[in-house]
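Single-structure report; data block below.
Computed from a predicted model, the values in this text were never measured in an experiment. Heavy atoms only: backbone and side chains are in, while hydrogens, waters and symmetry mates are out.
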Amino acid sequence: PATEPLAPPLARHRPRKPAYSGETLNAAHTLIPPASPGRWLWLTLWIGLAYAALGAGALALAGPPGYASPLYPPAGLALATALTYGWAALPGAWLGAFLVNAGLGLVRGQSGMALVTLPAIIALGAALQAGLGAALMRRFVGPAVVLNAPRDIALGGLLGGPVACVVSTTVATVALGVTGAVPWAQAPANWLTWWSGDSLGALIATPLVLTLIGRPEADWKPRRRTLGIPLLLALGLVNLGVVEMQRLDDLRKRALFERDAERLATEAEDRLNGALHALQALHGAAQHLASSDEVALSNASRWWLQQPLHLQAMGHGQRVAEAGVAPLEAQMRAAGKPGFRVFDRDGGIDRRQRGDLVVLRAIFPLDGNAGALGVNALSIPEAREAVLATRQSGQPASTVAFKLTQSQANEQGVVLYQALYGGEPGSAAERAAQFAGVVFVTLRIDSAFAGLTRSDQRHMHWCLSSRSAAGEVRRFAGPAG
């Protein structure tokens, strides 16, 4: 009888995975990359714009210095497009990362080549990261990345996330450090934030994007409801969590800042109050004694000048009419000051316009301050404003910081004045008429406020200022601005 042909033996080995050469898989496994330049350009543009839009939103979560976000979904978008479209997707990832970082550079005030070079290097790292992650997943998970087995999910998440994300993080951190955009002291923290943000973004956003564009479509499309929606919700919840954590961290930092700022303000007030107390003591002595009694004024000043208050000088300025300048000079020379002379720092402009002067006739100690003896305070614009203010109000008034007349170096100081009167005026007009002169205290402003911030507060910058009646902000100490 005729015999039937024997059936082929059952295969006892796993079917061989299809060969993969980067762009040759058929449509059952992945999209064939665009063949025409137009389709490739369209692919690059939509990936780049989508990456840039997601990146701009993600960097809104970034804390100082603003380059690294704790959650960065564009890393997942770049990986998913590289898995789907192959190497053709990488220019789009580069374009998107470049746009994100160039926009950040514009916001931070960068210009010139720095606005191009740094974003280009960071973008290169982002594209290489996506390419490496896709290559590792295809090599160890399989050419068709379906992620439907626990092993594939764990291995794919590890390789495409934490492992591959070392690339962009390292490239970006080194570039930021070399260009000075981020201080090297902050590089470790920046690296960790960048790596964790990219890793978390890759773990969440990659499968989410694959449900929309992944191949094989038959495996990924049905998961849009079962996987895509939960991942989208997870992404939203993580974003909310990051925002809340940053809000709480901002509140903590603000509380610390306000505490330190209050301490700085209190310390600055205490240092200024020392000079103000010295001025009031000298004012009291001048009122009860003859203001021309230099011995009495010197005795009233001596104790204050010995205190660690950074006082440069204390003294008395007398109101003198233009006609009284020569008699005053003769009087002072006869009293033992043969070199005494009245002089102006504005060439005599204010003297000619006003008709009277406020001459510094006594200054303590004389050593180191002799250069200011005899100066007309009204000829110094900074001093004139303060002298006229105290003449009108009767209250202490301060100059802004200016170069001291007696200083041989470029030393800055402020002078506190308080008016003296020939009676007890009750109105501004009476005060102007009975104005007899001033007592003053000169404070070395730079040394007085040196060391105002502690070593752990070097991040704080301060400026001591006041606002005039006209609304003008006047700086006393600290850097401008």
Side-chain angles (χ1 to χ4, degrees), residues 14 16-25 28-31 33 47 51 54-55 58 68-94 96-97 122-174 191-217 219-220 223 227-228 230-231 234-235 238:
R14 294 179 62 186
R16 188 173 59 88
K17 293 180 179 180
Y20 176 64
S21 61
E23 311 295 352
T24 59
L25 290 183
H29 295 288
T30 186
L31 279 181
I47 293 175
Y51 189 111
L54 288 174
S69 172
L71 175 62
Y72 199 65
L77 171 69
L79 178 58
T81 54
L83 288 170
T84 302
Y85 302 112
W87 301 110
L90 300 187
W94 181 92
I122 295 175
L124 179 62
L128 291 176
Q129 173 177 291
L132 177 63
L136 289 174
M137 291 179 69
R138 289 189 182 118
R139 172 67 179 82
F140 294 100
V141 177
V145 180
V146 179
L147 301 180
N148 57 0
R151 172 192 172 276
D152 293 349
I153 294 172
L155 190 58
L158 176 65
L159 296 176
V163 173
C165 289
V166 171
V167 175
S168 177
T169 302
T170 304
V171 170
T173 301
V174 172
W191 190 98
L192 184 60
T193 302
W194 198 300
W195 175 78
S196 61
D198 275 18
S199 299
L200 191 58
L203 290 173
I204 296 177
T206 300
L208 176 60
V209 176
L210 286 174
T211 62
L212 301 175
I213 64 172
R215 294 296 186 271
E217 186 177 1
D219 288 297
W220 284 107
R223 301 189 199 176
L227 179 63
L231 284 175
L235 186 62
V238 171

Which pairs of donor and acceptor atoms, one on a side chain in residues 146-153, lie under 3.5 Å apart (sequence neighbours left out)?
from, atom 1, to, atom 2, distance (Å)
Arg151, NH2, Phe140, O, 3.3

Query raised in the report: What is the minimum heavy-atom distance between Pro73 and Ala205, and which atoms define it?
Result: O-CB, 3.5 Å

Query - Under the side-chain contact (heavy atoms from CB on, under 4.5 Å) test, residues paired with Leu128 that sit two or more places apart - result: Leu124, Val167

Query raised in the report: Got a sec, which residues hit side-chain contact (heavy atoms from CB on, under 4.5 Å) with Val238, two or more places apart in sequence or on another chain?
Result: Leu71, Leu200, Ile204, Val242

**Report entry** Residues which pass side chain to side chain donor-acceptor pair (under 3.5 Å) with Trp195, listed by chain and number, not counting sequence neighbours
**Finding:** none

Requested in this report: Taking Thr169 for its side chain and Val166 for its backbone only, find out whether a donor-acceptor pair lies under 3.5 Å.
Outcome: no

Query raised in the report: So which pairs with a foot in residues 153-164 pass side-chain hydrogen bond (donor to acceptor under 3.5 Å, both in side chains), sequence neighbours left out?
Result: none

Query raised in the report: At what distance, to the nearest 0.5 angstrom, does CG of Leu208 lie from CG of Leu227?
Result: 7.5 Å

Query raised in the report: Looking only at heavy atoms, which two atoms of Ala58 and Ser69 are closest? And how far apart?
Result: O-OG, 2.9 Å

Report summary line: Closest non-hydrogen atoms of Ala89 and Ile47, given as atom of the first, atom of the second and distance, are CB-CD1, 3.8 Å

**Report entry** Nearest atoms (heavy-atom pairs only) where Ala97 meets Ala126
**Finding:** CB-CB, 3.8 Å

Requested in this report: Check Trp220 against Pro207 and note the closest heavy-atom contact, atom names and distance.
Outcome: CZ3-O, 4.1 Å

Query raised in the report: Any sub-3.5 Å donor-acceptor pair from Thr206's side-chain atoms to Leu203's backbone N or O?
Result: no

Report summary line: When rounded to the nearest 0.5 Å, the distance separating CG of Leu79 from SG of Cys165 is 8.0 Å

Query - Inter- and intrachain pairs under side-chain hydrogen bond (donor to acceptor under 3.5 Å, both in side chains), touching residues 123-136, at least two apart - result: Gln129-Asp198

Report summary line: Sorted by chain and number, sequence neighbours left out, side-chain contact (heavy atoms from CB on, under 4.5 Å) with Leu212 holds for Arg224

Requested in this report: Show the numbers, then the answer: is there a side chain to side chain contact (heavy atoms under 4.5 Å, CB included) between Val209 and Thr84?
Outcome: CA-CA 10 Å; Val209 176; Thr84 302; over 6 Å; no

Query raised in the report: Looking only at atom types and distance, does a side-chain atom of Arg138 sit under 3.5 Å from a main-chain N or O of Leu136, one as donor and one as acceptor?
Result: no

Query - ring pair (Phe, Tyr, Trp, His ring centres under 6.0 Å) against Trp94, all qualifying residues, sequence neighbours excluded - result: Phe98

Requested in this report: Answer whether the closest heavy-atom distance between the side chains of Trp191 and Val174 falls below 4.5 Å.
Outcome: no

Report summary line: CG of Leu90 to OH of Tyr85, rounded to nearest 0.5 Å, is 13.5 Å

Query raised in the report: Can you name the side-chain contact (heavy atoms from CB on, under 4.5 Å) partners of Ala172, sequence neighbours left out?
Result: Ile122, Trp194

Query - Closest contact, heavy atoms only, Pro216 versus Ala144 - result: CD-CB, 4.3 Å

